[in-house]
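Before any comments, here is the structure.
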Amino acid sequence: MIQLNLQEGLQKAVLSLMPDANISSILVRPCPDLKFGDYQANALIGLAKRNKMDPRKFAEQVIDKLDVSEFCELVEVAGPGFLNFRLKTESISDVLVRACKGEHLFFSIEKKPRTIVIDYSSPNVAKPMHVGHIRSTILGYTLAKVFRLLGHKVVTDNHIGDWGTQFGKLLVGWKENLDKNALSVDALHEMERLYKLVNAACDNDEVVLDRVRHELVKLQDGDEENLIIWRKMIELSRHQFDEIYSRLKVDFDETLGESFYNDRLKRIVDELFERGIAEESEGAKIVYFNESKALKKHPAMVQKSDGAANYTTTDLATLEYRQNSWQPSEVIYVTDGRQQLHFQQLFELYTRWKPEHAMKLNHVWFGAILGEDGKPFKTRSGEIVRLNYLLNEAEQRAFDVVTEKNPDMGENERREIARVVGIGALKYADLSGNRQSDYVFSWDNMLSLVGNTAPYLLYAYTRICSIFRKLDGEIILKPKFFTLAQAEELTLAKHLLRFGLVLEQVGDECRPNFLCNYLYELAGYYASFYENCPVLQAEGEIRIQRLALCDLTGKVLKTGLETLGLETTERM
RNA sequence: GCGUGCGUAGCUCAAUUGGAUAGAGCGCUGGCCUCCGAAGCCAGAGGUUGUGGGUUCGACCCCCGCCGCGCGUACCA
């Protein structure tokens with residue numbers, strides 16, 4: 001808010017001296033150290049140098065043209081030409097007062113909302129969801145929340161894997177080895193067993209392989225019996241996906257699986273071929289990217305030699321559908337980093353197919369899940385950890401701690417708190433790291449309840465709630481101004497002002513860990529404030545102001561946590 | 001081979017367009033509950049950012065070489 005005012009003011013001042021300057025790089029950011037000031041701009045140095053000017057002198061000239069006295073003390077030039085801004089307490093107070101009136105919560109709603117399609121989670125039918133799916137699901141949902149909070153229109157779409165060669169094997173297994181009892185107990189487990197069974201048999205038995213191909217062709221040709229089984233498998237799978245999503249409190253606007261696009265694939269391949277974009281090679285249809293360094297040696301396949309389309313074609317159809325249906329300005333895919341080549345090809349190819357499209361195509365990728373030995377993650381028995389098991393474990397661990405801390409609390413309440421804390425810890429662990437870093441799976445790490453974790457933030461929130469409970473119906477007055485005389489009050493207040501900037505940065509770079517860091521710092525500043533600034537014992541205006549600071553901190557914490565997909569609890 | 005990504009404290013991770021003294025947590029050492037919730041607070045120890053050069057007023061970040069690792073590399077997605 002103030003930061004934006006400073007930034008716009010600075011950009012104007014620069015333009016008045018340098019009418020053709022590129023002001024998009026003239027940014028005002030928080031200072032790394034409060035001793036320098038509250039906000040700084042360091043882009044003037046480079047600008048001056050590029051124009052062969054002395055950076056410090058240029059900075060002085062800009063300051064002469066700059067009027068930010070409404071918000072700041074004297075603007076200073078420091079070091080090689082940094083501009084340091086120090087906020088006036090009155091101007092901080094103004095922002096807080098308006099926030100108390102409910103005019104804003106330290107961020108502004110986008111005046112020109114964009115439409116953004118986000119593709120995340122995308123589990124495969126007949127396979128249990130496991131730890132590998134959680135990052136995509138959590139990251140994608142959080143990004144959707146962030147964009148919506150900022151006022152954008154978001155369409156979320158779960159592109160489930162409900163079509164493909166695996167169904168040949170599944171159909172053979174279903175017809176020959178189905179255990180109906182096991183299916184009713186745990187459908188995905190049974191389907192996974194069938195898949196593995198047939199998959200193993202294929203390795204050394206041509207006869208089985210032929211049966212698999214035969215069943216697949218029948219399915220693709222619309223064989224009624226196979227279609228019924230296929231639909232049954234999808235239904236059973238979706239039922240279990242929904243269970244997980246409901247526990248994670250994640251949802252989607254659309255769930256259009258790969259099969260939704262089946263009848264569009266042939267037309268696309270034909271069109272690519274007729275326009276000379278695709279060509280034939282070894283019986284398959286291929287697209288070459290000769291003009292691209294990275295893709296020169298990696299052609300994309302749009303049709304296999306057996307005539308079937310593959311996932312590149314499906315993704316082209318999906319993208320076309322999304323463009324036509326929602327006219328988004330951006331489409332975001334949240335998947336793991338191993339698919340980078342695929343999305344490079346897809347984006348390049350789509351642009352060649354539809355040169356007029358203006359969508360930003362964005363592959364938001366994340367790192368691999370590794371075991372504690374640094375190798376791709378598996379449990380001791382060689383299995384991948386199932387998501388529902390992970391969620392159970394998270395809740396159980398949290399329950400043990402809640403019980404230890406609150407032995408007198410009723411079990412229902414402890415269970416509910418454990419659910420919020422446990423699932424929250426799991427999500428937060430996934431969101432708080434840089435998404436591109438590889439992820440080392442560790443129960444203790446993922447379900448840790450101390451340090452920079454969800455419980456720390458939730459705890460800060462419960463302390464705020466606790467203060468307001470003690471008011472016991474007393475009417476809370478809204479302060480007309482904030483004195484902010486104590487250092488901890490001032491630090492906390494200044495941090496509240498930064499909320500909007502952080503949300504923008506999360507959206508710009510699709511990195512929710514920025515928001516986690518911000519909230520962790522906010523909770524930390526609140527903890528210091530809490531230790532050093534009595535609220536209920538304070539008197540008069542100070543008491544009113546501190547109560548308001550608690551209230552605003554609580555609102556930002558709650559909003560931030562909800563944006564990360566975390567629920568809050570008033571006690572824990 | 002080619003492409004791509006990574007290497008930061010004992011461990012797990014941050015570091016806001018190249019910006020000021022590289023920050024947290026865990027663990028370790030020590031202090032704080034007649035005081036709004038100690039799942040907390042305060043203090044301390046802990047680093048040649050894999051390595052060698054280069055660009056720059058300034059490099060964890062950009063460029064080049066080397067070492068180590070992950071992933072990808074046409075009929076899986």
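Residue numbering restarts at 1 for every chain, and letters A, B, ... go by the order of the sequence lines.
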My understanding is that only residues two or more places apart in sequence, or in another chain, count here; which of them pass side chain to side chain donor-acceptor pair (under 3.5 Å) with A:Ser122? A:Asp119
Base, sugar-phosphate, or nothing: which does A:Asp336 touch, judged by heavy atoms less than 4.0 Å apart? nothing
Determine the contact category for A:Ser528: base if any of its heavy atoms lies under 4.0 Å from a base atom, sugar-phosphate if only primed atoms, P, OP1 or OP2 are that close, otherwise nothing. sugar-phosphate
Which nucleotide, B:rA74, B:rA20, B:rU17, lies nearest any side-chain atom of A:Ala78? B:rA20
Could you please name the option among B:rU16, B:rA14, B:rU17 that lies closest to any side-chain atom of A:Arg29? B:rU16
Which listed nucleotide (B:rA39, B:rA14, B:rU17) is nearest to the side chain of A:Lys405? B:rA39
Decide if the gap between the ring center of A:Tyr311 and the ring center of A:His342 is smaller than 6.0 angstrom. yes
Any side-chain N or O of A:Lys49 under 4.0 Å from OP1/OP2 of B:rC57? yes
In terms of side-chain heavy atoms of A:Ser281, which of B:rU73, B:rA74, B:rU16 is nearest? B:rA74
Qualifying ring pair (Phe, Tyr, Trp, His ring centres under 6.0 Å) pairs, either residue in residues 495-521 of chain A, two or more places apart: A:Phe107-A:Phe499, A:Tyr456-A:Tyr520, A:His495-A:Tyr518, A:His495-A:Tyr525, A:Phe499-A:Tyr518
Using a heavy-atom cut-off of under 4.0 Å over every strand shown, decide if A:Tyr456 touches base, sugar-phosphate, or nothing. sugar-phosphate
Applying a 4.0 Å non-hydrogen cut-off, can you work out what A:Val401 is touching in the nucleic acid: base, sugar-phosphate, or nothing? base
At under 4.0 Å, does any side-chain N or O of A:Lys297 touch on OP1 or OP2 of B:rG72? no
N/O to N/O distances under 3.5 Å, protein versus nucleotides 24-31 of chain B:
unit_1, atom_1, unit_2, atom_2, d
B:rA24, O2', A:Tyr520, OH, 3.3

Between B:rC36, B:rA20, B:rA14, which nucleotide has the shortest distance from any of its atoms to the side chain of A:Ile467? B:rC36
Considering only heavy side-chain atoms of A:Ile45, the closest of B:rG37, B:rG19, B:rC41 is B:rG19
Would one find a side-chain N or O of A:Ser437 under 4.0 angstrom from OP1 or OP2 of B:rA14? yes
Between B:rC62 and B:rA9, how far is it from one C1' atom to the other, in whole Å? 26 Å
Counting side-chain heavy atoms from CB outward, which of B:rG40, B:rA39, B:rG72 is closest to A:Arg463? B:rG40
Closest of B:rA77, B:rU16, B:rA39 to the A:Gln505 side chain is B:rU16
Testing B:rC57, B:rG40, B:rC36 for proximity to the side chain of A:Pro80, the answer is B:rC57
Has A:Tyr311 got a side-chain N or O lying under 4.0 Å from the OP1 or OP2 atom of B:rA77? no
Would you please say whether a donor-acceptor pair under 3.5 Å links the side chains of A:Asn513 and A:Arg435? no
If you check every side-chain atom of A:Arg338, which of B:rC76, B:rG37, B:rG72 has the closest atom? B:rG72
